[in-house]
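These notes concern the structure reproduced below.
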Protein chains: 2
Amino acid sequence: MQSLQEAAMRVIARKGMAAATMQEIAREAGVAKGTIYLYFRDRDELVEKTFETAITQLYERIDQAMQSQASFAMKLRAIITAKLEFFSTHREFFRLYLSLRMPEGSAQQQRRQKRTCQPQYRARIEQMADVLRRAMDSGEIRRADPFRLALFLIEGSTAVVVQRVSEDAPPPESEDVDLIVDTILEGISLHPQKRSAD
Amino acid sequence: MQSLQEAAMRVIARKGMAAATMQEIAREAGVAKGTIYLYFRDRDELVEKTFETAITQLYERIDQAMQSQASFAMKLRAIITAKLEFFSTHREFFRLYLSLRMPEGSAQQQRRQKRTCQPQYRARIEQMADVLRRAMDSGEIRRADPFRLALFLIEGSTAVVVQRVSEDAPPPESEDVDLIVDTILEGISLHPQKRSAD
DNA sequence: TGCTTCACTGACCGGCCGTTCAGCGTGCTG
DNA sequence: CAGCACGCTGAACGGCCGGTCAGTGAAGCA
């Protein structure tokens, strides 16, 4: 049920994955603990389904952002913008996202995670790597290992989102988007002799 | 005791933070569970001390790398190299490092983490931000929020380390160092009209 | 050899939390 | 109104795990 997933997300956002108990999720949703088990087999399924519902929304946003742009630079900007915007309207989801990116929890939980959440994350990196690969082929960016570049880019920007989520009044999204996109595209070096031509 | 910390690190590397039980850490160290409590007050103290011992080594390496270099570009390269080298000889430590960077676990554990592990991580970002700030003042790099840049850089390179640690035969460190340093300094854009002058 | 010390042991305890299920109320049906 | 279906409840259960402490045995000593 919708409201159970929302409750789960809120509790996880507040307490963290490990400390979010079924009891508290039930209380947050205004039902008894047993009720959750009418809709989800166990805790893992609740968490997994909650993750999937939310991450699918993020992916749709990003896919959309990607397809509607021509040049690599514009695609990159659109992707980063979509990500920052998504997480500023879905702050609740962010902590769950962070927890499920990497394998944690008991061995049993890890097996289930491997089936669903991890592949989702991996697929997203592969997708970004593809975008990079195509941009390399078309000569828009220089050649480098696209998978590692994608990792660097995605995790770097995730770190900025972590910071934004923890701030009471984060700067406008466009500012952080500029910081990320400019750094990736142009780097941070100043070349006095070359730059004087600008 | 040394060997208890090493055992803890190995078990956490194998099973993950949440699934690493005192029982298994004791078995790994070849002692009884109760023995651990002769040297550490509780599980949290064991984990915390283990983390501190290892992270201090990493910091020493990085401090050393930083001080022995003049230009920002060389400093950056030295820092990234130190990080990659450290984690390829201390793979065991990496999973613990990942787990304690960000707050997780029960509310009680989080309080303890906040006292020791989190500040360590935060301090490292501040340190990097300082290096960036000085490079901006000296005109070596362009101006941008140094703290966010530091976050981006550190987490981006951590992501590359995650990948390296999971690979059976990662490429030589220098290759990944080049990828990271070049991306940060010069970006990934190709500017056909400008580059033709190279 | 008998006594003391002390590092170490591991069975046990208590609490926590995911999971279950007998039972309850509500509303519909005949 | 009796009978039934059904969504929901929450006390109880069981397993797990961190933490404890009475006990063990080896080593040192007189």
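Lettering follows sequence order; numbering is per chain, from 1. For the numbers below, each heavy atom of this structure counts, side chains included, while hydrogens, waters and symmetry mates do not. Everything quoted here is computed from the prediction, not taken from an experiment.
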Partner set under side-chain contact (heavy atoms from CB on, under 4.5 Å) for Glu6(B), not counting sequence neighbours: Gln2(B), Arg10(B)

Ile25(B) CD1 - dG18(D) P separation (whole Å): 8 Å

Whether Tyr97(B) and Phe87(B) hold their rings parallel, tilted or perpendicular, with breakpoints at 30° and 60°: tilted

Touch class at under 4.0 angstrom, heavy-atom based, for Phe40(B) against every strand present: nothing

Under 4.0 Å protein heavy-atom contacts per nucleotide of nucleotides 9-23 of chain C, with B for base, S for backbone only and - for none: BB------SBBB---

Distance in angstrom units between Met1(A) CE and dG7(D) P, rounded: 11 Å

Using distance only, find each side-chain donor-acceptor pair of residues 55-62 of chain A under 3.5 Å and give its atom names and separation, not counting sequence neighbours.
residue  : atom : partner   : partner atom : Å
Thr56(A) : OG1  : Glu52(A)  : O            : 2.6
Tyr59(A) : OH   : Gln120(A) : O            : 2.6

Worked verdict on Arg143(B) versus Asp137(B) for salt bridge (charged side-chain N to carboxylate O under 4.0 Å, His left out): CA-CA 8 Å; Arg143(B) 294 214 166 270; Asp137(B) 290 343; 2.9 Å; yes

Nearest heavy-atom neighbours spanning Ala29(A) and Ala7(A): CB-CB, 3.6 Å

Heavy-atom pair with the smallest gap, counting every atom of Leu151(A) and Ala159(B): O-CB, 3.8 Å

Whole angstrom value for the distance that separates P of dA7(C) from CD1 of Ile36(B): 17 Å

Bending between helix ends of the helix from dT1(C)-dA30(D) to dG30(C)-dC1(D) [5 pairs per end, 10° resolution]: 30°

Which atom pairs, donor and acceptor, lie under 3.5 Å between side-chain atoms of residues 32-39 of chain A and protein residues at least two apart or in another chain?
residue  : atom : partner  : partner atom : Å
Thr35(A) : OG1  : Ala32(A) : O            : 3.3

Residues which pass ring-ring contact (aromatic ring centres under 6.0 Å, His included) with Phe86(B), listed by chain and number, not counting sequence neighbours: His90(B)

